[in-house]
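Indexing begins at 1, ligand by ligand and atom by atom, following the structure's order.
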Amino acid sequence: MRVLVTQPIDPAGRALLDAAGLDVTVHPGPAPMTPAALREAVRGCAGLISMPTDRIDGDVLDAGPVRVVAQHAVGLDNVDLDAARARGVVVTNTPGVLTDATADLAMALLLAASRHVVAGDRLVRRGGFQGWRPMMLRGLDLAGARLGIVGFGRIGRAVARRAAAFGMEVVHSGRPGADDGLPFDTLLATSDVVSLHCPLTPATHHLVDAAALARMKPTAVLVNTARGPVVDEAALAAALRAGRLAAAALDVFEAEPVVHPDLLDLDNVVLAPHLGSATWQTRRAMATKAATNLLAFVGGQAPPDRVV
Ligand code: GLV
């Protein structure tokens, strides 16, 4: 069976595919393939290991024709699941193994934005540090602050555990329409930090829009390690510029790798290049999990992380 891997992955994952005798092609990257190049590259491949940067639609599935998509990520918003269902294509993802790494990064961003770590670094580098000042770069105390977690799945819960260790009061709201946790509007209005951990779906697209931002405290901090389009970036930039929101930290963007130009000029936003799961151990586990799912399908077994 021929398999296309759309980016170089940890060698542990590749080794599993090779050991099973599959005919593996790895796109060298680092830039993702254009949709046309992806359709061309997948021709003759029944197996696909895909990344969040690939748009996997019906045309890509037909070009193979692909029978199994093993996504090397937990989020699946880049895969047209209906198109997969309609064609009987099996789709898997990599849940669990990236929970802690992503929660760690959410805390890193939360701390960085709350305590002006990156703005302070810029100040020092440009020679602006003139010594300790009682009023300089004051930030948010985490102890006693309320953290509102939006999307209380594996990663949201892992962030809650970490935040509790910092003395934060943790509240959450579930998916829109779900009745667990606080109503979303109450969470927005009462939280000192809001951290997003929901998947990107039609229901969560621009969940944090101008109206949602207007409900937040002007002293609040927004952290997004979920998916860029959950936040209306233009509205966020306007709120940050106008001082209607104290700070934000973003690991994901609406049109990656493009960052809204208004955000680039602001000192009160921390920008990270989609690093949530980027640790050695986690990326190795993700590569292994994607390969294991694909190999289960090839061996006629149920892939452990089958979504479709
Ligand atoms: C990465 O963003 C993932 O969904 O795993």
Problem set entry | Apart from Trp132 itself, residues in the same hydrophobic cluster as defined by side-chain heavy atoms under 4.5 Å | none
Problem set entry | Donor + acceptor pair across side chains of Gln71, Asn78 (<3.5 Å) | yes
Exercise. Other than Leu17, what residues sit in its cluster of Ile, Leu, Val, Met, Phe, Trp and Tyr side chains whose heavy atoms are under 4.5 Å apart, directly or through others?
Worked result: Met1, Val3, Val5, Ile9, Leu16, Leu22, Val24, Val26, Ile49, Met51, Val68, Val90, Leu294, Leu295, Phe297, Val298
Problem set entry | Apart from Met136 itself, residues in the same hydrophobic cluster as defined by side-chain heavy atoms under 4.5 Å |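 Its cluster mates, by chain and number, are Leu123, Val124, Phe129, Leu137.
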Exercise. So, Asp185 and Arg215, do they make that salt bridge, N to O below 4.0 Å?
Worked result: yes
N/O pairs closer than 3.5 Å, ligand 1 and protein:
residue  : atom  : partner : partner atom : Å
ligand 1 : 2 (O) : Arg227  : NH1          : 2.8
ligand 1 : 2 (O) : Arg227  : NH2          : 3.3
ligand 1 : 2 (O) : His274  : NE2          : 2.7
ligand 1 : 4 (O) : Val74   : N            : 3.4
ligand 1 : 4 (O) : Gly75   : N            : 2.8
ligand 1 : 4 (O) : Arg227  : NH2          : 2.6
ligand 1 : 5 (O) : Val74   : N            : 2.8

For this session: Report whether Leu240 and Val259 are members of the same hydrophobic cluster (ILVMFWY, side-chain heavy atoms less than 4.5 Å apart, transitive linking).
Result: yes
